[in-house]
Protein chains: 2
Amino acid sequence: MQITRQTEYAIRTLLELAKVPKGEVLQVKLISDRQSIPVEFLKKTVQLLALAGLVSTRRGTQGGIMLARPAEDITIADIIKAIEGPVAINLCLEPGYVCPNQGTCPVSPVLARAQGAFLRELQRESLADLVKPGSDKASLLVDKGEEKQLG
Amino acid sequence: MQITRQTEYAIRTLLELAKVPKGEVLQVKLISDRQSIPVEFLKKTVQLLALAGLVSTRRGTQGGIMLARPAEDITIADIIKAIEGPVAINLCLEPGYVCPNQGTCPVSPVLARAQGAFLRELQRESLADLVKPGSDKASLLVDKGEEKQLG
DNA sequence: CTATAGTGGATGTAATATATCCACTTTGTC
DNA sequence: GACAAAGTGGATATATTACATCCACTATAG
Ligand code: SF4
Ligand code: SF4
């Protein structure tokens with residue numbers, strides 16, 4: 001019930017990339033330094049991001065990585081999916097899985113709705129929104145407070 | 001990013017309990033048979049549910065377990081919390097954890113909002129609603145379809 | 001008193017998350 | 001062309017967590 005450290009690394013990496021002018025590259029090593037991410041692990045992570053079409057890479061001297069699409073088109077949901085695969089908060093929401101109880105089980109739809117709400121919320125803001133200064137920090141407190149009741 | 005098998009077991013167990021008349025008990029063994037849950041594992045699970053105040057237990061002959069509160073007052077969110085502890089989809093949403101980046105990090109609020117939406121959705125229906133026949137099965141298809149785009 | 005049913009601790013196994021090592025390929029620069 | 005910089009890819013290691021089993025114990029109805 002938690003995103004992995006690798007996903008966090010991926011998010012922070014893409015955030016760094018979103019901050020530099022479009023078309024410029026950053027070296028993986030530099031990002032790993034700035035973000036305190038083990039460089040060898042970050043390399044693997046970047047490969048997943050590249051595979052998912054979120055970053056493009058350039059080898060050799062002066063190489064590095066950059067966003068493969070506009071920051072306006074990338075959301076945290078995309079990043080989670082790139083690293084962890086399709087989101088499925090329970091077995092029966094995984095593509096292809098069929099539970100013997102499905103059809104009679106009243107739980108599955110509830111979980112599906114909750115997951116939908118979760119993803120929808122993640123898709124409301126793009127990387128571009130996130131790196132833009134002066135966003136709605138107030139909501140942090142609101143939601144953390146609410147989390148206390150809820151979580 | 002997925003509830004554990006144990007949580008599933010807990011949900012199915014409470015669903016069974018919600019189906020019997022109020023005040024009646026069911027044996028753990030019986031539930032484990034009906035739901036194909038390893039009995040020794042289910043015992044541990046039930047203890048967590050008891051600790052969380054969701055079920056009450058009776059030992060000895062004619063013993064068993066029953067809901068400790070009205071089915072109307074128990075939601076899937078409660079069950080997840082009982083088994084897995086407070087929901088925190090990322091480290092920084094765990095009670096007590098402070099990230100060095102917190103305060104400047106734009107990601108945390110987004111995750112908090114998504115988590116809030118997730119929990120809120122789970123709290124919209126109680127066990128009583130779920131065992132009641134003729135609920136909104138249609139939403140299953142809607143949300144699974146949507147999941148395809150989103151997930 | 002005895003069978004039944006929950007309690008609780010110890011232990012085992014498998015899967016996953018996290019990380020490191022290193023040999024290789026591509027590419028810009030001198 | 002040689003060299004260094006930087007991403008690629010596979011193998012391996014370690015820690016943590018999820019999942020499960022075993023068994024000795026306690027409470028209770030009849
Ligand atoms: S029992 Fe229901 S919730 Fe559990 S896996 Fe099957 S369909 Fe999904
Ligand atoms: S960097 Fe941001 S999202 Fe990651 S743990 Fe810290 S506050 Fe949370």
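Every chain is numbered from 1 and lettered A, B, ... according to where its sequence line falls, protein lines coming before strand lines. Computed from heavy atoms alone, side chains included, the values below leave out hydrogens, waters and symmetry copies.
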Would you kindly give the CG-to-C1' distance between A/Leu48 and D/dT8, to the nearest whole Å?
-> 13 Å

Pair A/Lys132 + A/Asp129: basic N to acidic O under 4.0 Å = yes

Which nucleotide, C/dT7, D/dC19, D/dT8, lies nearest any side-chain atom of A/Thr57?
-> D/dT8

Please check if the side chain of A/Ser108 supplies one atom and the backbone of A/Cys105 the other of a donor-acceptor pair under 3.5 Å.
-> no

Can you find a heavy atom in the side chain of B/Ile11 that is under 4.5 Å from one in the side chain of B/Gln6?
-> no

Are there more than 12 heavy atoms of other residues, nucleotides or ligands under 6.0 Å from atom CZ of A/Arg124?
-> no

Do side-chain atoms of B/Thr13 reach the backbone of B/Tyr9 as a donor and acceptor pair under 3.5 angstrom?
-> yes

By a strict heavy-atom criterion of less than 4.0 Å, which residues belonging to residues 3-12 of chain A are in contact with DNA chain C?
-> A/Thr4, A/Arg5, A/Gln6, A/Tyr9

Counting only N and O atoms by type, is there a donor-acceptor contact under 3.5 Å from the side chain of A/Asp73 to the main-chain atoms of A/Pro70?
-> no

Answer yes when A/Arg12 and A/Glu8 have at least one side-chain N-carboxylate O distance shorter than 4.0 Å, and no when they do not.
-> yes

Between D/dC19 atom C1' and B/Glu84 atom CD, what is the distance in whole Å?
-> 13 Å

For the pair made of CG in A/Leu42 and P in C/dA17, what is the distance, rounded to whole Å?
-> 18 Å

Between the side chain of A/Gln2 and the main-chain N/O of B/Met1, is any donor-acceptor distance below 3.5 Å?
-> no

Would you mind reading off the distance between B/Phe41 atom CZ and D/dC22 atom C1', rounded to a whole angstrom?
-> 15 Å

Shortest side-chain distance from B/Gln27, nucleotide among D/dT8, C/dA5, C/dA19 = C/dA5

Rounded to the Å, how far apart are A/Leu51 CG and D/dG7 C1'?
-> 14 Å

Starting from C1' on D/dC19, measure out to CD on B/Gln2 and report it in whole angstrom.
-> 14 Å

Could you write nucleotides 21-30 of chain C as a row of B, S and -, 5' to 3', where a protein heavy atom under 4.0 Å of any base atom gives B, of only sugar-phosphate atoms gives S, and otherwise -?
-> BB--BBBBS-

Expressed in angstrom and rounded to an integer, what is the separation of A/Met1 atom CE from D/dA18 atom P?
-> 12 Å

Whole Å only: how far is the CG atom of B/Leu26 from the P atom of C/dT4?
-> 18 Å

Close side-chain approach of A/Val110 and A/Arg113, heavy atoms under 4.5 Å | yes

